[in-house]
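Numbered from 1 within each chain, the chains take letters A, B, ... in sequence-line order. Below, each value reflects all heavy atoms present in this structure, side chains not excepted, and no hydrogens, waters or symmetry copies.
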Amino acid sequence: MASVSSQPQFRYTQPPSKVLHLRNLPWECTEEELIELGKPFGKVVNTKCNVGANRNQAFIEFADLNQAIAMISYYASSSEPAQVRGKTVYLQYSNRQEIVNNKTAADVAGNVLLVTIEGEDARLVSIDVLHLVFSAFGFVHKITTFEKTAGFQALVQFSDAETATSAKNALDGRSIPRYLLPEHVGSCTLRITYSGHTDLSVKFQSHRSRDYTNPYLPVAPSAIDGSGQFVVGLDGKKLEPESNVLLASIENMQYAVTLDVLYMVFSSFGPVQKIAMFDKNGGVQALIQYPDVQTAVVAKEALEGHCIYDGGFCKLHLSYSRHTDLSIKVNNDRSRDYTLSNVPMVNAQPSILGQQPVPMMASNPQYSGAQFAPTEQVGMPQNSAGWATGAPQVPQSMAMPMAMHSHPYMPPGAMLPHPGMRHPPGQNGPPQATMAPYRPDGMQ
DNA sequence: AGCACA
């Protein structure tokens, strides 16, 4: 096109257009106010507000040119200027014939949210933490994360726009709770808009993307470790499928870790339904069952790599079990079903605590020692080398995470009391139980 | 108080 700049950009009188340009609007004028303003003159088919550097301009598009002309004509001769919130608004024909792209995807409510994680350490926020945070509002179908100029971002897909909206309203501008983040990680604030997407395409379960509707989706080839069992993210963190049952192995077990101690520690995050302890590879392991995956995720995130006792003793390593419901046949000092009161109780034999036969295992062939947890054995190194590379580096003196404040998004029953820190038992005393077990109101 | 893109 040849230059046509013989005409000034703005002429005193624009040629008529269905679109009117408004200026000098109050700071945050709504679409509704624009419609109210134009309605007496015709049908407003489109608007755009908050235009310009000062966000004080707007456009109104009428169905017919005549309607736009009517509005301009009226205010041209009216003694009362057009006003919004008492402020005089100046009108003229726009130099365009229609409003284009009135709404960006970010303005249209949809079932997928675009989440920007702000903060120095935004990249350290795991997809699991995001999943946990957003799951408080409804089932999260899929999450993808990616790096853009805007920073570290995620797309979070809900079932519907209503659920997404409730999450957006509750979380936009808020920070991820401290206790969900590794201790050294700084504040991470969420900025949330709607995404134009309606269904994310997740090809693999990986450290960058998850499809929670399809747990059998293959894991990314690049994220499978030597055992072929677990997903490993770029940060080396294990990303095995989440479960309501945690497998705990205890490193540096200088002090006996009893079932009661485990119950106390894990009850801080929600009702513990069942615990089964067993010996494996010369160490002690335990399966801890929660009623739901979310609680297990919180407990795992909070406890992984931490020590039950001060001084680096009894360091916990947690992974997700493939069990979903433990079969506890008998209550004894190594296994317990806290949901039942009619399970036979077998008296513990305290004198040989670490060596006694395990009645549950012996009496129940289904849970013979070899069969009890075969899947967890794979990829579960007993030493911490290679395992805890992604785990928070915890000072030896700092056993449990500090601030276990209540989760602002979780239902009241899921509040997290401070688990407290235990000190090693004295030479002749049992571990001190300082913490009140979790007791939601409805729990029997 | 003067024309809009993510």
A:S249 side chain vs A:Q285 backbone, donor-acceptor pair below 3.5 Å: no
Residue met sooner reading DNA chain B from 5', once A:Q97 and A:N24 are mapped to nucleotides: A:N24
Sugar-phosphate only, base, or nothing, as touched by A:Y194 at under 4.0 Å among non-hydrogen atoms: nothing
Contact list for DNA chain B against residues 56-74 of chain A - heavy-atom distance below 4.0 Å: A:Q57, A:F59
Minimum-distance nucleotide to A:R23 side chain [options: B:dA4, B:dC3, B:dA1]: B:dA1
Salt bridge (Lys or Arg N to Asp or Glu O under 4.0 Å) partners of A:E36, counting only residues at least two apart: A:K39
Rounded interatomic separation in angstrom, taking CG from A:N46 and P from B:dC3: 20 Å
Residue list, ring pair (Phe, Tyr, Trp, His ring centres under 6.0 Å) with A:F158, at least two apart or on another chain: none
Proximity of A:Y74 and A:F41 rings by center, below 6.0 Å: yes
Minimum-distance nucleotide to A:V51 side chain [options: B:dG2, B:dA1, B:dA4]: B:dA4
Side-chain donor or acceptor of A:E304 paired with backbone N/O of A:L318 under 3.5 Å: yes
Interatomic distance, A:I99 CD1 vs B:dC5 C1' [rounded to whole Å]: 14 Å
Main-chain N/O of A:E33 paired with A:T30 side-chain donor or acceptor, under 3.5 Å: yes
Residue whose closest nucleotide on DNA chain B lies nearer the 5' end, A:V19 versus A:Y90: A:Y90
